[in-house]
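Here the structure comes first, spelled out in structure tokens, and everything after it is commentary.
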Amino acid sequence: MGERNAILLGTLAYNIGPGAVNKSTVYKKLKRGDRNIYKEYTAHCRYKGKFHRQLHERRQVEYFALFVP
């Protein structure tokens, strides 16, 4: 797994927990070598079961800052 993948997964684990990351589609896709994860990564934006706009914006910033070359 590449350095960018590890940094992105580490950031996601910090925010949602390592157990949730291990079960996530993001992790499974990266493990297969599929780098098309934008939709899955930005889907981690719920708080108490409800969509949270600021969390969605944070995930977008994280994705573009840490993952996109």
Side-chain angles (χ1 to χ4, degrees):
M1 196 173 296
E3 183 179 333
R4 288 187 186 270
N5 297 354
I7 292 171
L8 193 73
L9 288 174
T11 302
L12 191 60
Y14 177 79
N15 288 302
I16 68 170
V21 171
N22 284 336
K23 296 182 220 171
S24 73
T25 308
V26 174
Y27 178 67
K28 291 173 186 172
K29 280 185 144 185
L30 287 175
K31 201 170 178 182
R32 285 194 313 250
D34 185 357
R35 294 184 50 86
N36 186 18
I37 61 164
Y38 176 79
K39 184 178 175 184
E40 289 81 7
Y41 189 79
T42 57
H44 293 280
C45 60
R46 298 194 174 275
Y47 179 70
K48 294 187 179 180
K50 294 184 181 180
F51 176 81
H52 198 273
R53 184 181 53 82
Q54 289 176 322
L55 285 176
H56 187 261
E57 290 173 4
R58 182 191 300 176
R59 296 296 173 261
Q60 288 176 325
V61 169
E62 290 169 356
Y63 178 82
F64 288 113
L66 301 173
F67 193 67
V68 177

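Because the structure is predicted, anything quoted here is derived from the model rather than measured.
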| Of the non-hydrogen atoms in K28 and K23, which two are nearest, and what is the gap between them? | NZ-O, 3.5 Å
| Just how far is it from atom CZ of R53 to atom SG of C45, taken to the nearest 0.5 Å? | 11.5 Å
| query | Who pairs with Y63 by ring pair (Phe, Tyr, Trp, His ring centres under 6.0 Å), at least two apart in sequence or on another chain? | reply | Y38, F67
| If you group Ile, Leu, Val, Met, Phe, Trp and Tyr by side-chain heavy-atom gaps below 4.5 Å, do F64 and L9 land in one group? | yes
| query | Mind checking what makes ring pair (Phe, Tyr, Trp, His ring centres under 6.0 Å) contact with Y14, not counting sequence neighbours? | reply | none
| Could you state the interatomic distance from CG (L8) to CD1 (I37), rounded to the nearest 0.5 Å? | 5.0 Å
| remark: d(R32 CZ, T25 OG1) to nearest 0.5 Å is 8.5 Å
| Got a sec, which residues hit side-chain contact (heavy atoms from CB on, under 4.5 Å) with N15, two or more places apart in sequence or on another chain? | T11, R58, R59, E62
| said: Do V26 and V21 make a side-chain contact, defined as non-hydrogen atoms from C-beta onward lying under 4.5 Å apart? | reply: no
| said: My understanding is that a hydrophobic cluster links ILVMFWY residues whose side chain heavy atoms are under 4.5 Å apart, including indirect links. Using that, what else belongs to the cluster containing Y47? | reply: L55
| query | Can you name the side-chain hydrogen bond (donor to acceptor under 3.5 Å, both in side chains) partners of R35, sequence neighbours left out? | reply | N5
| Do H56 and T42 come within less than 4.5 Å of each other through their side chains, counting heavy atoms only? | yes
| Excluding sequence neighbours, so at least two apart, what forms ring pair (Phe, Tyr, Trp, His ring centres under 6.0 Å) with H52? | none
